[in-house]
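As structure tokens, the structure follows; a few thoughts come after it.
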Amino acid sequence: MKIIAFCGVDGAGKSTQIQQVKYELEKKGKKVFVSKVNYYPFHRYLNHEVTQYEIRINMAFTFVQHYLELVEELSGKAYDFLLCDRYSLCHLAFAMTYGVENEKIKKLIAIYNIAYKPDLILYFDIPLNVSIKRIYARLEKEADTDETPEILGETIKNYEKLIMEDIFDKVVRIDATLSKEQQTNQIMKTIMESDE
């Protein structure tokens, strides 16, 4: 089973592309599972005595448990692909935005590495202004408290730092300003080439 991670800031189009890619892969006869870790937002209820690092440690172990159990469950069911809406790259970029320092980021990486490494990471590269425009154009939900230009702008920078440091293998940039169809075509081509 190939694990493919869809990464990028809010408004980049990850969720849309996951559903489109799932559809395209299933048309090719592939068995596909989509997953996203739904974290309970503890940080909204805790006082300032709890640090961002402690919150991120909790998230990291929740992530690891989710994917260790899920991959074990799916491995016996002949799935071809596991498409992940966000993965460790995403969580580390946001941890940096919220002030988790470099040495502690290394500790978080060590925890995330307990989980399965993705076979392919698709990074949805999007300018900040386009991301913000899409977020505020959404009809189904209001912008979240961390969907501000300041937070998303810093997170985009942190994605770039992490990618440039070569911590993650097989990162492919997807131009998230392209049309939905063009993005899907690029992703499918990348997946099919990696599957050969």
Side-chain angles (χ1 to χ4, degrees), residues 1-38 63-64 66-94 112-113 115-135 137-141 147 152 155-156 158-196:
M1 180 176 67
K2 290 281 182 78
I3 300 173
I4 302 176
F6 288 63
C7 297
V9 293
D10 302 272
K14 299 180 301 299
S15 300
T16 300
Q17 285 303 319
I18 282 178
Q19 293 309 316
Q20 197 58 37
V21 168
K22 180 178 188 288
Y23 172 75
E24 293 295 333
L25 286 170
E26 288 176 339
K27 277 199 326 190
K28 293 180 180 294
K30 305 295 184 183
K31 193 171 179 183
V32 183
F33 192 92
V34 173
S35 178
K36 182 175 183 177
V37 182
N38 291 314
F63 172 95
V64 168
H66 174 85
Y67 279 108
L68 288 178
E69 291 176 356
L70 179 62
V71 169
E72 185 177 333
E73 179 188 336
L74 297 181
S75 62
K77 297 181 179 178
Y79 277 92
D80 298 295
F81 291 95
L82 171 58
L83 308 183
C84 307
D85 189 344
R86 298 196 182 277
Y87 215 72
S88 53
L89 172 60
C90 306
H91 302 301
L92 292 165
F94 274 97
Y112 280 113
N113 283 344
Y116 296 92
K117 288 190 176 181
D119 297 283
L120 182 63
I121 298 173
L122 302 171
Y123 172 60
F124 287 76
D125 196 356
I126 189 168
L128 176 60
N129 64 319
V130 179
S131 168
I132 294 296
K133 185 177 178 182
R134 288 181 185 174
I135 287 167
R138 289 187 311 218
L139 298 176
E140 69 275 11
K141 69 170 191 168
E147 294 178 328
L152 295 180
T155 305
I156 289 171
N158 291 329
Y159 269 114
E160 292 296 337
K161 285 179 193 171
L162 288 165
I163 292 169
M164 294 303 289
E165 288 176 9
D166 287 330
I167 296 166
F168 297 92
D169 299 327
K170 301 173 189 166
V171 178
V172 175
R173 287 179 186 270
I174 303 299
D175 183 349
T177 64
L178 296 174
S179 71
K180 291 177 186 176
E181 295 77 17
Q182 288 173 314
Q183 288 181 59
T184 304
N185 290 339
Q186 183 185 353
I187 293 165
M188 286 301 296
K189 182 173 184 287
T190 301
I191 290 173
M192 290 298 104
E193 287 173 355
S194 73
D195 204 33
E196 292 174 354

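Just so it is clear, the values below take in all heavy atoms, side chains as well, and ignore hydrogens, waters and symmetry mates. The model shown is predicted, which means the values in this text are computed figures rather than measured ones. Numbers here simply count residues along the sequence, with the first being 1.
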Taking E26 first and then K22, would you say they form a salt bridge - that is, a charged N and a carboxylate O separated by under 4.0 Å? yes

Is E193 salt-bridged to K189, going by a charged N under 4.0 Å from an acidic O? yes

Show the nearest heavy-atom pair for residues [X] and [Y], with the distance to one decimal.
X: I3; Y: C84; value: CG2-SG, 3.8 Å
X: A12; Y: A176; value: O-CB, 3.4 Å
X: G11; Y: I126; value: O-CD1, 3.4 Å
X: C90; Y: G8; value: SG-N, 4.0 Å
X: E24; Y: M188; value: CB-SD, 3.7 Å

So, do [X] and [Y] sit near enough that their side-chain heavy atoms are less than 4.5 Å apart?
X: T16; Y: F124; result: no
X: K170; Y: I121; result: no
X: F94; Y: R86; result: yes
X: D125; Y: Y159; result: no
X: M192; Y: K28; result: yes
X: V21; Y: I4; result: no
X: F81; Y: L120; result: no
X: Y23; Y: Q19; result: no

If the condition is side-chain contact (heavy atoms from CB on, under 4.5 Å), which residues does N185 pass it with, not counting sequence neighbours? none

Counting only N and O atoms by type, is there a donor-acceptor contact under 3.5 Å from the side chain of Q183 to the main-chain atoms of K14? no

Looking at S131 and D10, would you say the former's side chain and the latter's main chain have a donor-acceptor pair under 3.5 Å? yes

Please say whether more than 12 non-hydrogen atoms of neighbouring residues, nucleotides or ligands are located less than 6.0 Å from NZ in K31. yes

Let me confirm one number: the [atom1]-[atom2] distance from [X] to [Y], rounded to the nearest 0.5 Å.
X: I174; Y: T184; atom1: CD1; atom2: OG1; result: 9.5 Å
X: L152; Y: L128; atom1: CG; atom2: CG; result: 6.5 Å
X: D80; Y: K2; atom1: CG; atom2: NZ; result: 10.0 Å
X: K36; Y: I18; atom1: NZ; atom2: CD1; result: 8.0 Å
X: L82; Y: F33; atom1: CG; atom2: CZ; result: 7.5 Å
X: L92; Y: T155; atom1: CG; atom2: OG1; result: 12.0 Å

So, do Y87 and Y112 have ring centers that fall under 6.0 Å from each other? no

Check: residues 69-76 side-chain donor-acceptor pairs under 3.5 Å, at least two apart:
{"unit_1": "E69", "atom_1": "OE2", "unit_2": "Q65", "atom_2": "NE2", "d": "3.2"}
{"unit_1": "E73", "atom_1": "OE2", "unit_2": "K77", "atom_2": "NZ", "d": "3.4"}
{"unit_1": "S75", "atom_1": "OG", "unit_2": "V71", "atom_2": "O", "d": "3.4"}
{"unit_1": "S75", "atom_1": "OG", "unit_2": "E72", "atom_2": "O", "d": "2.8"}

